[in-house]
Amino acid sequence: MVITRFAPSPTGYLHVGGARTALFNWLWARENGGKFILRIEDTDLRRNTPTAMQQVINDLRWLGLEWDEGPDIGGPNGPYLQSQRLDLYTMYAKRLIEQGKAYYCFDTSAELEAMREKASAEKNNIVYQRPARFPDESDVKKARAEGKPVTVRFAMPAEEIVINDCLRGEVRFNGAELGDWIIIKSDGFPTYNFAVVVDDALMKVSWVIRGQEHLMNTPGQQELWKTLGFGELPKYVHMSVTISEGGGKLSKRERPASLRKAIKKTEGADVEKIAAAGSIGAEEMKGFLDGKTMPDMPAVDAMAKYLGVELPEINVVDFFRSGYIPETMVNFLALLGWNPGTGQEIMTREQLVAGFDISRLTKSNSLFDRQKLLSFNMEHLRLTPKEKVAGYFKDFLKEEQSPVAKADDARLEKLLAICDGARTLAEVEQKSRFLFVEDEKIEYDEKAVRKVLSAGGGEFLKIIRDKLSAMDSLSEQAVEQMLRAIAEEKGVGLGKIAQPLRVALCGSTVSLSMFESVVMLGKDRTLTRIDIALKKFG
RNA sequence: GGCCCCAUCGUCUAGGCCGGCCCAGGACACCGGGUUUUCAACCCGGCGACAGGGGUUCGAAUCCCCUUGGGGCUACCA
């Protein structure tokens with residue numbers, strides 16, 4: 001049976017790189033009728049945040065990547081939180097020590113740092129000097145009494161280690177150069193590389209599909225697996241990595257970094273007010289601007305909103321908030337480093353599962369192209385069943401606290417239908433907003449007013465007003481006829497007529513079709529808005 | 001620096017393992033035109049790549065080597 005897993009560390013929102021890894025594992029399990037496990041790697045006390053696990057779970061659910069075993073639903077191989085498996089790691093570490101395959105160390109971080117510096121000065125990799133005699137329990141006691149840190153290292157064999165990667169073939173390493181590495185930290189917690197082996201083995205994971213960044217960890221993990229006698233090795237697949245526009249692995253730091261850039265670029269930026277918007281202190285703000293610290297995501301988002309800058313989407317939630325739907329994300333992410341070989345690009349979840357194959361993974365890194373994502377979203381907005389999209393739209397509106405949220409299901413679907421060709425739900429929201437704002441509260445875009453209303457558009461508005469008030473029933477056809485008639489009479493294009501009306505009704509030059517807009521707004525409110533606009537700008 | 005991975009249009013990629021069907025195909029972006037009540041969409045057309053150098057071969061995008069470039073890892077992070 002194919003058993004895969006996704007093992008994030010709960011350090012914040014799920015970002016697209018992680019989502020892609022999760023997706024490939026999920027696809028491979030589903031394709032083979034296997035199992036997909038969610039495991040939380042919370043062995044770093046300092047970095048974990050209490051809400052992060054729930055955030056990751058929410059994001060995976062939104063993407064539709066359901067797992068068969070996990071911390072929230074349990075399973076036969078639990079617990080699925082590493083922090084709850086500590087006794088297991090301790091037990092296996094003890095076993096290794098007894099076998100003489102691992103040993104205690106008492107180095108301080110300063111001593112380690114000195115070793116690193118020495119190695120780097122010699123233009124070499126740091127290799128930990130294995131002691132001639134492994135310390136015993138009495139040494140440990142002594143070290144503890146002296147207040148020295150106690151860690152455990154795995155003794156790597158000094159021989160060639162060959163791993164067989166399903167994507168990259170045989171990759172060779174020199175065990176002697178890799179050196180002995182820590183499996184138990186001084187706080188008693190296992191390191192990632194140790195816990196991952198124990199858990200993968202105990203959870204019977206048969207396929208380890210992860211990013212290329214883990215390739216160097218594999219020889220160590222493989223040796224440990226063998227030493228622990230865990231039997232048949234899992235199949236290893238080290239996928240390409242997702243690169244961002246600026247070069248380098250896509251990282252969640254990009255959002256704060258891009259905000260910092262924006263603040264520095266803004267002339268006369270009121271740093272105090274910006275900090276207040278993010279509810280962070282002056283100290284933290286200074287550290288952030290100096291590039292020393294990163295505020296948390298809510299603070300970053302709030303400051304960006306205050307400044308009115310768009311930050312690049314990195315986390316899965318960012319894409320949700322920008323109006324993308326899960327179908328798009330799953331499809332697009334799947335195509336980053338994989339393709340079905342059929343030339344088909346736009347695919348449903350089912351098609352992805354059916355067509356997925358590890359052997360068609362790409363070896364080279366790929367860049368996350370937001371332009372293409374945008375066009376994918378348009379396609380999926382069209383392809384996905386209407387009710388489903390309406391559901392996503394509702395969630396989106398709620399998250400954005402949009403006035404459009406007041407609309408009922410029928411109206412929502414209507415709006416979505418009118419906006420066929422929109423690339424994001426945010427575009428639909430933006431175009432529809434004016435329908436749900438009070439007549440007096442329309443915000444008029446200065447440029448739009450200048451360009452359309454002040455430039456003689458008021459004349460046409462008056463004509464429209466007169467014609468409209470004479471109509472007794474409104475229909476899209478009737479409104480269209482009326483507007484076209486005016487255009488013809490005046491010998492101008494329809495645009496000359498529709499644009500002033502648009503600005504009067506919406507305050508903007510970007511909105512729904514005017515024919516539908518007038519009908520949906522209703523005669524009275526349309527007239528009211530025309531009057532307001534005429535009074536203000538006519 | 002050391003170790004490891006990778007290398008086809010601006011981007012994602014097809015093709016490469018089984019050399020000739022590839023003077024390299026698709027998609028997104030871009031450019032030009034059309035359509036149009038705004039934005040978007042839509043239709044037609046166009047630009048555009050085998051990183052460089054050596055081999056092997058009758059023949060190389062495809063196989064080998066070197067160079068260059070990109071990426072990863074180099075923690076008591078995961």
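Please read these numbers as outputs of a predicted model, since none were measured by experiment. Quick note on labels: first sequence line is chain A, next is B, and so on, each numbered from 1. Because only heavy atoms are used, hydrogens play no part in the values below, and waters and symmetry mates are left out as well, while side chains stay in.
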Protein N or O to nucleotides 27-36 of chain B N or O, pairs below 3.5 Å:
| from | atom 1 | to | atom 2 | distance (Å) |
| --- | --- | --- | --- | --- |
| rA27(B) | O4' | Glu345(A) | OE1 | 3.4 |
| rA27(B) | O2' | Glu345(A) | OE1 | 2.4 |
| rA27(B) | N3 | Lys372(A) | NZ | 3.0 |
| rC28(B) | O2' | Lys372(A) | N | 3.3 |

For this session: Take the angle between the ring planes of Tyr103(A) and Phe134(A) and call it parallel below 30°, perpendicular above 60°, tilted in between.
Result: parallel
For this session: Round to the nearest Å and state the distance from Phe332(A) atom CZ to rU13(B) atom C1'.
Result: 12 Å
Exercise. Given the C1' atoms of rA14(B) and rU57(B), what is the spacing between them in whole Å?
Worked result: 26 Å
Problem set entry | salt bridge (Lys or Arg N to Asp or Glu O under 4.0 Å) pairs, two or more places apart, involving residues 209-218 of chain A | none
For this session: Quick one: label Arg382(A) by what it contacts on the DNA or RNA (base, sugar-phosphate, nothing), any heavy atom closer than 4.0 Å.
Result: sugar-phosphate
Exercise. Are Tyr444(A) and Phe537(A) near enough that their ring centres are under 6.0 Å apart?
Worked result: yes
Exercise. Distance between the C1' atoms of rA61(B) and rG20(B), in whole angstroms?
Worked result: 13 Å
Exercise. Distance check: side-chain N/O of Thr43(A) vs OP1/OP2 of rA78(B), anything under 4.0 Å?
Worked result: yes
Exercise. Across the strands shown, which category fits Ser364(A) at heavy-atom distances under 4.0 angstrom: base, sugar-phosphate, nothing?
Worked result: sugar-phosphate
For this session: Quote, to the nearest angstrom, the P distance that separates rG59(B) from rG2(B).
Result: 38 Å
Problem set entry | Cationic tip of Arg153(A) above Tyr128(A) ring, under 6.0 Å, 45° of axis | yes
Problem set entry | Nearest-Å distance once atom C1' is located in both rG25(B) and rC9(B) | 11 Å
For this session: For Thr108(A) and for Ala498(A), find the nucleotide of RNA chain B with the closest heavy atom, then tell me which residue's nucleotide is more 5'.
Result: Ala498(A)
For this session: Mind jotting down which residue pairs meet the salt bridge (Lys or Arg N to Asp or Glu O under 4.0 Å) criterion with at least one end in residues 488-512 of chain A? Sequence neighbours excluded, please.
Result: Lys467(A)-Glu489(A)
For this session: May I ask you to verify whether the side chain of Lys363(A) and the base of rC6(B) hold a donor-acceptor pair under 3.5 Å?
Result: no
Exercise. Stepwise, does the salt bridge (Lys or Arg N to Asp or Glu O under 4.0 Å) test hold for Arg47(A) with Asp42(A)?
Worked result: CA-CA 8 Å; Arg47(A) 294 208 320 166; Asp42(A) 54 346; over 6 Å; no
For this session: Please determine, for rC17(B), whether a Watson-Crick or G-U wobble partner exists with both distances under 3.5 Å, and give it or none.
Result: none
For this session: In whole angstrom, give me the gap between the P atoms of rA60(B) and rG52(B).
Result: 15 Å
Exercise. Are Phe356(A) and Phe24(A) an aromatic pair by the rule of ring centers under 6.0 Å?
Worked result: yes
For this session: Could you state the atom-to-atom distance from CG of Asp44(A) to P of rC77(B) in whole Å?
Result: 6 Å
Exercise. When we call it a touch if two heavy atoms are under 4.0 Å apart, what does Thr151(A) touch: a base, just sugar-phosphate, or nothing?
Worked result: base
Problem set entry | Any strand: nucleotide that pairs with rA51(B) via Watson-Crick or wobble, under 3.5 Å | rU67(B)
Exercise. Tell me: CD1 of Ile418(A) to P of rA40(B), nearest whole Å?
Worked result: 18 Å
For this session: Classify the nucleic acid contact of Arg360(A) as base, sugar-phosphate or nothing, counting any heavy atom under 4.0 Å across all strands shown.
Result: sugar-phosphate
For this session: Tell me what Phe515(A) touches on the nucleic acid: a base, only sugar-phosphate, or nothing, going by heavy atoms under 4.0 Å.
Result: base
Seminar exercise, completed: The correct set of residues in residues 154-165 of chain A placing a heavy atom under 4.0 Å from RNA chain B is none
Problem set entry | Sugar-phosphate only, base, or nothing, as touched by Thr191(A) at under 4.0 Å among non-hydrogen atoms | sugar-phosphate
Problem set entry | Separation of the P atoms in rC28(B) and rC42(B), to the nearest angstrom | 8 Å
For this session: For the pair Glu113(A) and Arg116(A), find out whether any cationic side-chain nitrogen is under 4.0 Å from an anionic carboxylate oxygen.
Result: yes
For this session: Give one of base, sugar-phosphate or nothing for Arg168(A), where a contact means two heavy atoms less than 4.0 Å apart.
Result: sugar-phosphate
For this session: Write down the partner of rU57(B) under the Watson-Crick or G-U wobble criteria, each distance required to be under 3.5 Å.
Result: none
Problem set entry | Main-chain N/O of Gln344(A) paired to Thr342(A) side chain as donor or acceptor, under 3.5 Å | yes
For this session: Run the ring-centre check on Phe319(A) versus Tyr392(A) and record whether the distance is less than 6.0 Å.
Result: no
Output a table of nitrogen or oxygen pairs between the protein and nucleotides 71-74 of chain B separated by less than 3.5 Å.
| from | atom 1 | to | atom 2 | distance (Å) |
| --- | --- | --- | --- | --- |
| rG71(B) | O2' | Asn365(A) | ND2 | 2.8 |
| rG71(B) | N2 | Gln212(A) | OE1 | 3.3 |
| rG72(B) | OP1 | Lys249(A) | N | 2.9 |
| rC73(B) | OP1 | Lys249(A) | NZ | 3.1 |

Exercise. How far, in whole Å, is rA51(B) from rA7(B) if one measures between their P atoms?
Worked result: 10 Å
For this session: Determine which pairs satisfy salt bridge (Lys or Arg N to Asp or Glu O under 4.0 Å) with at least one residue from residues 363-375 of chain A, sequence neighbours left out, and list them in order.
Result: Glu245(A)-Arg370(A), Glu313(A)-Arg370(A), Glu345(A)-Lys372(A)
Exercise. If you take atom types as modelled and just measure distance, does the side chain of Ser513(A) reach the base of rU37(B) with a donor-acceptor pair under 3.5 Å?
Worked result: yes
Exercise. Relative to each other, are the rings of Phe396(A) and Phe393(A) parallel, tilted or perpendicular (30° and 60° limits)?
Worked result: parallel
Exercise. C1' atom, rC76(B) versus rG53(B): distance in rounded Å?
Worked result: 47 Å
Exercise. Taking atom P of rA78(B) as reference, at what distance in whole Å does atom CG of Asn193(A) sit?
Worked result: 8 Å
Problem set entry | Salt-bridge contact Lys431(A)-Glu427(A) (side-chain N to carboxylate O under 4.0 Å) | no
For this session: Could you tell me which nucleotide pairs with rG1(B) by Watson-Crick or G-U wobble geometry, both distances under 3.5 Å, or answer none if nothing does?
Result: rU74(B)
Problem set entry | Most 5' of Cys419(A) and Gly337(A) on RNA chain B, judged by nearest nucleotide | Gly337(A)
For this session: State whether Glu177(A) and Arg172(A) are salt-bridged, where the test is any N-O pair (Lys NZ or Arg NE/NH1/NH2 against Asp/Glu carboxylate O) under 4.0 Å.
Result: no
For this session: State the pairing partner of rC28(B); accept Watson-Crick or G-U wobble contacts with both distances under 3.5 Å, and report none otherwise.
Result: rG10(B)
Exercise. So what's rC42(B) paired with, Watson-Crick or G-U wobble, going by both distances under 3.5 Å?
Worked result: rG34(B)
Exercise. With a 4.0 Å cut-off on heavy atoms, is Gly211(A) in touch with a base, just the backbone sugar-phosphate, or nothing at all?
Worked result: nothing
